[in-house]
2 protein chains.
Amino acid sequence: MGVAERHAREKEALRSKIQAAASELFLELGYQNVSIRKIAEKIEYAPSTIYLHFKDKQELLESICIDTFAKLNESMTELDQRDLAPLERLEQGMRCYINFGLQHPHHYLATFGIPARDEQGKTIESEAVGNIGLQSFSHLRSIIARCMESGDIRTADSMVTAQSVWMMIHGVTDLLITHTEYSGFPWAPKDQLVDLSVANIIRGLK
Amino acid sequence: MGVAERHAREKEALRSKIQAAASELFLELGYQNVSIRKIAEKIEYAPSTIYLHFKDKQELLESICIDTFAKLNESMTELDQRDLAPLERLEQGMRCYINFGLQHPHHYLATFGIPARDEQGKTIESEAVGNIGLQSFSHLRSIIARCMESGDIRTADSMVTAQSVWMMIHGVTDLLITHTEYSGFPWAPKDQLVDLSVANIIRGLK
DNA sequence: TAGGCTACCAAACGCTGTTCAGGAAAGCAA
DNA sequence: TTGCTTTCCTGAACAGCGTTTGGTAGCCTA
């Protein structure tokens, strides 16, 4: 009676196909310019079919971002296994985060830069995105806690400290993604900005 | 022959009325939810009339953001005249920036958080916005240069340093605006995050 | 008073996300 | 094989969006 299983597989296959098409367009055109109709056309299905697999556009794009952010968490976990000194680990973690943002600019912005807003303009955030974000964040927090234990940085509330650090590297990542192209502003080279920022953030924690 | 003048005044008045209505809706509903049609309805004109005064929606919203950012520059100039010690001045400047973002969240996000993007997803930035941003930035740079001269922070390239600092406080501002409402993430109180971030950024510069 | 000029608007175009009634096909039971 | 049910998918529509265009009404000048 493998019929039900086959059906489930086929259904899953189409879901993946939608995600793949959306992901490609997403990468190509950016968040603002991906439309349900373009995705549908790419996979040669009717637009309404997409709604059989995803509640709405937000959920579809979110599912892609979650997949992408899972890669960030993988990188972080990998970094954990390289058993570096705490401070070195912290620096690598920050660089890893920034590089991730630069490698997946659209996904990064869709997740952190352009939150969904309701009619009142309040931020809406899904549980799923919250979870994956929390995972990344807890990596950061634990590294910071370790740096405090080892005495590499001064002791403080690891929660508040980690949030503050996250905000800073988010700012670096965000502006590197969105505003570096603009030639009217005399941006310094990315490398310099990253190096100095990472160094100064760590210095500030000592 | 005051007719032409009266006409010019009337034209200017309508332009301002459009801006005022847009600004109000903007504040109320956020960037995503302001539409030309809603603005038109609010001032009881046809949507197309708006296009006699603004090239497109982007230009209209930009003109509002520019006005708002002019206030930030005013605050910064005011701060200059209070003739504080360099380091104190730097701290106040940073706090001033963050508070500005929190007081005008939609304007802040529209200017820095949600840049216009073309079909390829590249950032488009207008000259006008670039100018006003450059003004704010040059304030920051000159304070930092002064702190270097006075020996309060270590000497380095003031351009790169200012950009790095800007990125960090942008990150703090941005995340305070967009993600604090989300209850699933255990955010620390805003005050704590601001205090620690500002203190650590300055510490990192020493 | 006639002509021109400006301000304005209604309607339309092509796009968007989303919903929904219905059809085709596949699976199952008799 | 026939009929029934379930599943998947679609075409058409709705309401909204930013923007353009053709045309009109009213004021200003001559």
Side-chain angles (χ1 to χ4, degrees), chain A residues 1-19 21-22 25-26 28-64 110 114-119 121 124 126, chain B residues 1-19 21-22 25-26 28-64 110 114-119 121 124 126:
Chain A
M1 200 60 76
V3 174
E5 282 80 353
R6 200 195 74 221
H7 276 194
R9 238 178 323 158
E10 281 170 357
K11 185 154 188 170
E12 185 54 41
L14 182 49
R15 192 186 149 94
S16 297
K17 199 173 176 180
I18 293 169
Q19 282 178 317
L25 286 171
F26 198 39
E28 209 176 304
L29 306 170
Y31 182 87
Q32 317 278 357
N33 301 313
V34 182
S35 74
I36 294 287
R37 282 175 169 85
K38 281 181 193 160
I39 298 167
E41 195 179 3
K42 199 177 179 84
I43 58 170
E44 296 177 298
Y45 278 79
S48 45
T49 302
I50 291 172
Y51 289 88
L52 300 174
H53 297 268
F54 298 92
K55 191 177 116 278
D56 54 22
K57 188 185 176 184
Q58 185 61 27
E59 191 186 284
L60 167 53
L61 293 185
E62 237 173 61
S63 79
I64 294 166
I114 318 164
R117 330 206 118 231
D118 63 16
E119 314 80 44
I124 304 165
S126 80
Chain B
M1 198 61 80
V3 174
E5 282 81 353
R6 200 194 74 220
H7 276 268
R9 239 177 322 156
E10 282 170 356
K11 184 154 187 170
E12 185 53 42
L14 183 50
R15 193 186 148 94
S16 298
K17 199 172 176 181
I18 293 169
Q19 283 178 317
L25 286 171
F26 198 40
E28 209 175 305
L29 308 170
Y31 182 86
Q32 317 277 358
N33 301 311
V34 183
S35 74
I36 294 286
R37 282 175 166 85
K38 282 181 192 161
I39 298 167
E41 195 180 3
K42 197 177 180 83
I43 58 171
E44 296 178 297
Y45 278 79
S48 46
T49 302
I50 291 172
Y51 288 88
L52 300 173
H53 298 267
F54 298 92
K55 190 176 119 280
D56 54 21
K57 187 186 176 184
Q58 184 62 26
E59 191 186 285
L60 167 55
L61 292 185
E62 238 173 60
S63 79
I64 294 167
I114 319 165
R117 327 195 80 90
D118 63 15
E119 313 80 43
I124 303 166
S126 81

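Lettering of chains follows the sequences in order, A, B, ..., and the numbering in each one begins at 1.
- Taking for each of A:Arg37 and A:Leu14 the nucleotide of DNA chain D with the nearest heavy atom, the 5'-most of the two is the partner of A:Leu14.
- One distance of note links NZ of A:Lys55 with CD1 of A:Ile50; it measures 15.0 Å at 0.5 Å rounding.
- Atoms CD1 (A:Ile18) and C1' (C:dG17) sit 15 Å apart, rounded to a whole Å.
- Rounded to an integer number of Å, the gap from NZ of B:Lys38 to P of D:dG16 is 9 Å.
- If you take NZ of B:Lys11 and P of C:dC5, they are 15 Å apart, rounded to a whole angstrom.
- With contacts defined as side-chain heavy-atom distances shorter than 4.5 Å, the pair A:Leu60/A:Ile39 qualifies.
- For residues 46-57 of chain B, proximity to DNA chain D is found at B:Ser48, B:Tyr51, B:Asp56, B:Lys57, defined as any non-hydrogen atom under 4.0 angstrom from a strand atom.
- Contact check for B:Glu62 versus B:Phe54: no side-chain heavy atoms found under the 4.5 Å cut-off.
- The separation between A:Gln58 atom CD and C:dT16 atom P is 17 Å, rounded to whole Å.
- A straight line from CD of A:Gln32 to P of D:dC17 spans 17 Å, rounded to a whole angstrom.
- B:Glu41 has its CD atom 13 Å from the P atom of D:dG18, to the nearest Å.
- Straight-line distance from the CD atom of A:Glu10 to the C1' atom of D:dC8: 10 Å, rounded to whole Å.
- A:Leu14 CG to A:Gln19 CD: the interatomic distance, rounded to the nearest 0.5 Å, is 10.5 Å.
- Contact of the B:Ile36 side chain with the B:Tyr51 side chain is registered, since non-hydrogen atoms from C-beta on lie closer than 4.5 Å.
- In this entry the distance linking CD of A:Glu44 with P of D:dG11 reads 13 Å, nearest Å.
- Looking at heavy atoms from C-beta onward, B:Lys38 lies in side-chain contact with B:Leu29 at the 4.5 angstrom threshold.
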